[in-house]
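Comments concern the structure below.
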2 protein chains.
Amino acid sequence: MRVQRQDIIDAAMALLDDGGVDGLTMRRLAAALRIQAPSLYWHFAGKQALLDAMADALLAEMVLPEEEMPWDGWLRAVATEFRRALKSRRDGARVFAGTFPALDNVLRISDRIIAKLRAAGADERLAVRTLFTVQYFVLGFTIEEQAATPPPGGHGHEEGEGVDLMQVAQRLTAEQAARYPNAAITVKLLASDDDDARFRFGLDRLIDGLKAVMPS
Amino acid sequence: MRVQRQDIIDAAMALLDDGGVDGLTMRRLAAALRIQAPSLYWHFAGKQALLDAMADALLAEMVLPEEEMPWDGWLRAVATEFRRALKSRRDGARVFAGTFPALDNVLRISDRIIAKLRAAGADERLAVRTLFTVQYFVLGFTIEEQAATPPPGGHGHEEGEGVDLMQVAQRLTAEQAARYPNAAITVKLLASDDDDARFRFGLDRLIDGLKAVMPS
DNA sequence: ACCTGAACACCGTTCAAGT
DNA sequence: ACCTGAACACCGTTCAAGT
């Protein structure tokens, strides 16, 4: 049986979990599929097209909340699901960032979000700005979250790819800690704070701020 | 005169403007400095250490607002300056994202922001969460902003690195536009909307939301 | 203290050719 | 319609050696 486009995406996603974006090469991907690297170029125009397809695939599993909810709770739920989708694969947020794939899942989900906001009374511009404001926050948050090495008991992550916050805190020179005491505290506090709670904090502030400009 | 650490950072920044992060290679950087690539490893442990130094250098020009302002206006001004600093070099936001450099400029500016928020009555955790929430929004926004090709009259950007939103809009198949009408409108509206106004919109919503949880 | 030459182990992509 | 072999033009990094 020959390799299909979807087989390539599946294998690429698996490889992402193994070695991160930096470990995802066309040659390794081909080897995993037991074909030669140039064969991939029959299915995808180039590596970027593959990454676009992967970004879109990340959203495939997103479950949208029920339609009956008020827009603010609904948007909060969608943002939470978006973060979950990005986190479902190693470096998922980095793969998604920068790509602007006009592919099916991205279009489908954008469409539903805009529809919801418009139904709640927002005009086109307000709906679009709201969508992207929330998206930027989630994306920025999740990129940093995934860049940090999970504390001790991770199950993959062999390489020193991630940033260990504890280690960063300890490597601050005495001079730096004396000169920038608040920054020194920040690193330590950040390392011990709960990611989910931090995410909720930011998202709730944002949605609170959005409520003030949404009609009704 | 031999090459100094700062010369390398300066040359790397110039190279960034020329060819973006993808065009920044140790070999090209060395050539620009008229030395051989391995020499760079005497000054920096590896490419990542250089990128960290570049991320820190991006913040060197940041001008912090006067201390007398109320915290909300002050924070808005700092966020605006942060975006400006990221945009001062091609792909600046991408360079900054993911790195967590405990270097002087990053520490200095974090320290001042936390100090300001604490002086306004926030406890440590609230101050840290506020700082990072705003940072995530600005970073996410600016990454996407820099990923988009500036409309027509750009002065650099030879390669097809950026995403042309107009082109994306036109490449949507009739089937896609029919199935996801709101998404189709979104792409067009996004291409014509003003980036500065979009940035202010998101930032103001965020700061509005933060006001509700800050004491005083 | 700073730099080079040579080498290692890779990359993404093209293209003619095969089935 | 899908895949291969061979090749091109690169990468980041190490390391012994030079000044």
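Just so we're on the same page: letters track the sequence lines, and every chain starts at 1. For the numbers below, each heavy atom of this structure counts, side chains included, while hydrogens, waters and symmetry mates do not.
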Worksheet item: Which comes earlier along DNA chain D counting from the 5' end, the contact point of A:Val3 or that of B:Ala37, where each point is its nearest nucleotide?
Response: A:Val3

Worksheet item: Between residues 43-53 of chain B and DNA chain D, which residues have a heavy-atom gap below 4.0 Å?
Response: B:Gly46, B:Lys47

Discussion item. Can you give me the dot-bracket string for DNA chain C, 5' to 3', counting Watson-Crick and G-U wobble pairs with both distances under 3.5 Å, using [ ] for crossing pairs and | for partners on another strand?
Written reply: ||.|||||...|||||.||

Item to complete: Please state whether the rings of A:Phe96 and A:Phe82 are parallel, tilted or perpendicular, taking 30° and 60° as the class boundaries.
Response: perpendicular

With a cut-off of 3.5 Å and sequence neighbours excluded, list every side-chain donor-acceptor pair involving residues 44-51 of chain B.
{"from": "B:Lys47", "atom 1": "NZ", "to": "B:Leu24", "atom 2": "O", "distance (Å)": "2.9"}
{"from": "B:Gln48", "atom 1": "NE2", "to": "B:Asp52", "atom 2": "OD1", "distance (Å)": "3.0"}

Discussion item. When you compare the side chain of B:Asp7 with that of B:Arg2, does any pair of heavy atoms fall below 4.5 Å?
Written reply: no

Worksheet item: Which comes earlier along DNA chain C counting from the 5' end, the contact point of B:Arg27 or that of B:Arg2, where each point is its nearest nucleotide?
Response: B:Arg2

Distance-only donor-acceptor hits, side chain of residues 34-43 of chain A, under 3.5 Å, sequence neighbours excluded:
{"from": "A:Ser39", "atom 1": "OG", "to": "A:Gln36", "atom 2": "O", "distance (Å)": "3.1"}

Practice prompt. Report yes or no: is the cationic atom of B:Arg83 (NZ for Lys, CZ for Arg) under 6.0 Å from the centre of the six-membered ring of B:Phe199, at an angle within 45° of the ring normal?
Written response: yes

Discussion item. Going 5' to 3' along DNA chain C, between which two nucleotides do contacts with chain B fall, using a heavy-atom cut-off of 4.0 Å?
Written reply: C:dA1 to C:dA7

Worksheet item: At what distance, to the nearest 0.5 angstrom, does CD of A:Gln146 lie from CG of A:Asp91?
Response: 6.0 Å

Worksheet item: Any side-chain heavy atom of B:Arg198 within less than 4.5 Å of one from A:Tyr136?
Response: yes

Discussion item. Here's a test for you: under salt bridge (charged side-chain N to carboxylate O under 4.0 Å, His left out), which of A:Arg28, A:Arg94, A:Arg90 qualifies with A:Asp22?
Written reply: A:Arg94

Can you list, pair by pair, the side-chain donor-acceptor contacts under 3.5 Å of residues 179-186 of chain A, counting residues two or more places apart and other chains?
{"from": "A:Thr186", "atom 1": "OG1", "to": "A:Asn182", "atom 2": "O", "distance (Å)": "2.7"}

Worksheet item: Could you go step by step and tell me if A:Val106 and A:Phe100 meet the side-chain contact (heavy atoms from CB on, under 4.5 Å) rule?
Response: CA-CA 9 Å; A:Val106 169; A:Phe100 199 100; over 6 Å; no

Worksheet item: With a 4.0 Å cut-off on heavy atoms, is B:Ser39 in touch with a base, just the backbone sugar-phosphate, or nothing at all?
Response: base

Practice prompt. Pick the C1' atom in C:dC10 and in D:dA9, then give their distance to the nearest Å.
Written response: 13 Å

